[in-house]
Amino acid sequence: MTAQVAGVVGSLGLAALLVGPSRTWRSAGLGAWAVGSIVLAGYLAPHGHRPLLGAAAVAGVLLALAGAYAIRRWPFVLPFATLACIAARIHVHVGSTEANLLVPMYLVVAAVAFLLAWELWRGDERVKELGSVAWPLAAFVGWGGLSMVWTQDVRQGAIELLFFYLPFGLLAVALARIAWTRLIALGLLVELTGMAVVFAAIGIYQYETRDVFWNPKLLVSNAYAPFFRVNSVFWDPSIYGRFLVVAILALLVVVLFVGDLRLVLGATAAIAVIWAGLYFSYSQSSFAALAAGVAILAIFAWGRRGIALAIATALVVGAAALAVPSVRHDVFGQRTGKSATSGRGTLVRRGLHIAVHHPAAGVGLGGFKHAYADLAGLKGKEPNAAASHTTPVTVAAEGGIVGFALFVWLLVAALLLAFRRFARDLWGLAALTFGAIIAAIAIHSLFYNAFFEDATVWGAIGLAAALPGRRDERADPPELDREVEPERQQGERVDGAEQDGAGERNVQALPEHR
């Protein structure tokens with residue numbers, strides 16, 4: 001009961017922070033978010049080992065305070081730190097409990113929580129930083145938290161809220177508050193490319209040496225598979241492949257829209273290396289995500305010709321897939337022999353069965369595995385065969401019609417937020433990149449249930465919301481505008497138009513040669 005109340009309080013607090021109309025509402029929301037998160041952490045913490053857990057908590061708070069100070073002084077640190085922590089999972093072993101957690105990412109979230117609390121206390125009046133995504137995201141998170149009241153698996157629901165929805169939702173808000181500069185835009189591309197090239201090189205090394213890290217289950221799977229899958233520094237090959245897809249799409253924007261030959265050649269070379277690493281992941285979901293992202297970029301680059309190319313590619317790929325009997329039978333039923341989709345067709349059909357039998361409110365956040373096990377007659381405390389692989393089906397089963405409708409609203413709003421800002425300048429191309437990333441991960445989530453569990457999605461939404469909406473918007477932080485206002489009042493006006501020579505800069509298009 002405690003965890004259920006904490007889930008409701010924390011999720012509604014995040015919702016209030018997202019759409020609160022005033023500083024008072026947002027301060028209360030942040031407080032509720034913190035209380036809910038702390039109680040959920042206490043609920044999920046293993047029993048015993050209190051001195052160790054207490055020491056870890058104190059150390060975490062001190063590190064978070066230091067991080068908050070650093071971000072306050074150098075705001076551009078936040079997006080770079082967030083990207084650097086995407087793959088930084090730490091193996092935590094306390095008593096009989098083991099888990100691979102995004103500990104560095106959670107420290108970043110704690111830092112921005114302290115910083116946001118400080119800014120609200122100091123009188124920051126900004127609201128709805130996420131723009132058109134704020135309401136659908138608040139409604140979706142709020143509904144998920146409310147479903148903790150009737151969930152069939154309180155523990156799994158608490159895990160979903162504590163480790164994904166609550167921290168990543170706050171992170172999206174913090175990223176949406178940054179002031180974009182060319183340093184951030186180009187620096188993130190360089191950082192993403194460097195990380196992807198290194199991860200791909202590690203994956204190629206694993207393939208050549210027939211050795212994988214972290215995941216002993218993958219070693220067993222490779223021993224019986226006709227091909228050898230690699231995971232680089234990630235736990236799962238599909239997560240590894242998804243990260244490489246994000247990097248390839250970002251570089252493809254450079255290839256398609258930037259006229260500088262040196263940049264195009266460099267981006268092409270990086271794509272070649274990253275593609276080699278992606279190939280050895282043998283991740284079908286990642287290849288599908290890449291195809292979708294490429295089709296979207298082709299449409300924006302070539303207009304009608306791009307649409308025709310995307311449709312033709314989809315028809316050819318779909319026809320080729322359905323021509324394989326094992327795929328066709330697994331999708332439409334009557335499957336015999338080995339599944340071509342690792343049994344995902346059965347999971348989807350039974351997941352839809354759960355949704356149909358719980359149409360209004362679903363089985364509650366985190367309740368899919370429990371409900372699926374009951375339906376299929378699976379035994380065991382946490383049967384792996386009941387794990388969902390499709391985000392939309394999971395949302396429909398756990399949230400019912402209401403949850404699924406809110407999910408669709410959120411996805412459409414996020415895509416429109418990014419794509420509507422497309423232009424052939426730096427900010428417009430950044431917006432296109434974020435839109436393609438969100439769309440690609442959405443396609444990936446059709447085969448691998450990790451849409452909301454991926455901080456990349458939340459980060460892309462937050463960064464897209466922070467982008468200037470017009471070419472003449474400033475890249476300087478709001479504080480600079482407030483500081484120069486007294487100077488303007490003292491006479492720095494020319495013919496009635498404000499001319500802040502050092503502070504006012506128009507967003508320039510990407511140069512053809514630099």
Practice problem: Measure the spacing between CZ of F168 and OG1 of T82 and express it to the nearest 0.5 Å. | Solution: 10.0 Å

Self-check item: Residue pair N449 / T390, side-chain donor-acceptor N/O under 3.5 Å
Solution: no

Quiz item: Side-chain contact, heavy-atom cut-off 4.5 Å: F422 with F257?
Solution: yes

Quiz item: Any donor and acceptor pair, going by atom type alone, linking the side chain of W33 with main-chain N or O of L166 inside 3.5 Å?
Solution: yes

Quiz item: Less than 4.5 Å apart, any side-chain heavy atom of Y282 and any of P237?
Solution: no

Self-check item: S132 and L417, any side-chain heavy atoms less than 4.5 Å apart
Solution: yes

Practice problem: Please work out which of the three classes, parallel, tilted or perpendicular, describes the rings of F368 and Y372, given edges at 30° and 60°. | Solution: parallel

Exercise. Please indicate whether F287 has more than 12 foreign heavy atoms, meaning atoms of other residues, nucleotides or ligands, lying under 6.0 Å from its CZ.
Key: yes

Practice problem: Given side-chain contact (heavy atoms from CB on, under 4.5 Å), test V103 with R89 step by step and report yes or no. | Solution: CA-CA 7 Å; V103 175; R89 288 186 178 271; over 6 Å; no

Practice problem: Report yes if the distance between the aromatic ring centroids of F199 and F234 is under 6.0 Å, otherwise no. | Solution: yes

Quiz prompt | Validation row: V254, D260 side chains within 4.5 angstrom (heavy atoms) | solution = no

Quiz item: What do you reckon, is CH2 of W135 surrounded by more than 12 foreign heavy atoms closer than 6.0 Å?
Solution: no

Quiz item: V273 and I204: which non-hydrogen atoms are nearest, and at how many Å?
Solution: O-CD1, 4.3 Å

Quiz item: So, the side chain of R229 versus the backbone of S281: is there a donor-acceptor pair under 3.5 Å, distance only?
Solution: yes

Exercise. With I271 as reference, evaluate V197, L244, T193, I248 under the side chain to side chain contact (heavy atoms under 4.5 Å, CB included) test and give the passing residue.
Key: I248

Exercise. Output the distance between atom CG (L44) and atom CD1 (I159), rounded to the nearest 0.5 Å.
Key: 5.5 Å

Practice problem: Give a yes or no answer on whether the side chain of N231 reaches the backbone of F213 with a donor-acceptor pair at less than 3.5 Å. | Solution: yes

Quiz prompt | Spatial distance of atom CD1 (I443) from atom CZ (R242) [nearest 0.5 Å] | solution = 13.5 Å

Quiz item: Are the side chain of R421 and the backbone of L467 linked by a donor-acceptor contact shorter than 3.5 Å?
Solution: yes

Exercise. Measure across G67 and A111 and return the closest heavy-atom pair with its distance rounded to 0.1 Å.
Key: C-CB, 3.8 Å

Quiz item: Can you tell me how far CD of Q156 sits from CG of L161, rounded to the nearest 0.5 angstrom?
Solution: 10.5 Å

Quiz item: Can you find a side-chain donor-acceptor pair between T456 and D454 that sits under 3.5 Å?
Solution: yes

Quiz item: What about F419 and F300, are their ring centers closer than 6.0 Å?
Solution: yes

Quiz prompt | Any F243 side-chain heavy atom under 4.5 Å of M195 side chain | solution = yes

Quiz item: With side chains defined as the heavy atoms from C-beta onward, is the minimum distance between D124 and W118 less than 4.5 Å?
Solution: no

Quiz item: Atom CD in E453, atom CD1 in I441: separation rounded to 0.5 Å?
Solution: 11.5 Å

Exercise. Indicate yes or no for a side-chain donor-acceptor contact from Q206 to the backbone of S232 under 3.5 Å, with no hydrogens or angles considered.
Key: yes

Quiz item: Is any side-chain heavy atom of I461 less than 4.5 Å from a side-chain heavy atom of I438?
Solution: yes

Quiz prompt | Output field: ring centroids Y448/F451 closer than 6.0 Å | solution = no

Quiz prompt | Heavy-atom donor-acceptor pair, S221 side chain to K217 backbone, under 3.5 Å | solution = no

Practice problem: First locate atom CG of L429, then atom CG of L256, and finally report the distance between them rounded to the nearest 0.5 Å. | Solution: 10.0 Å

Quiz item: Angle class for the W74/Y69 ring planes (parallel below 30°, perpendicular above 60°, tilted otherwise)?
Solution: perpendicular

Exercise. State yes or no: are the ring centers of F452 and Y165 separated by less than 6.0 Å?
Key: yes

Quiz prompt | W180 (side chain) donor-acceptor with L463 (main chain) under 3.5 angstrom | solution = yes

Quiz prompt | side chain to side chain contact (heavy atoms under 4.5 Å, CB included) partner of L192, chosen from V246, L251, T433 | solution = V246

Quiz prompt | Donor-acceptor pair, side chain of E398 and main chain of G366, under 3.5 angstrom | solution = yes

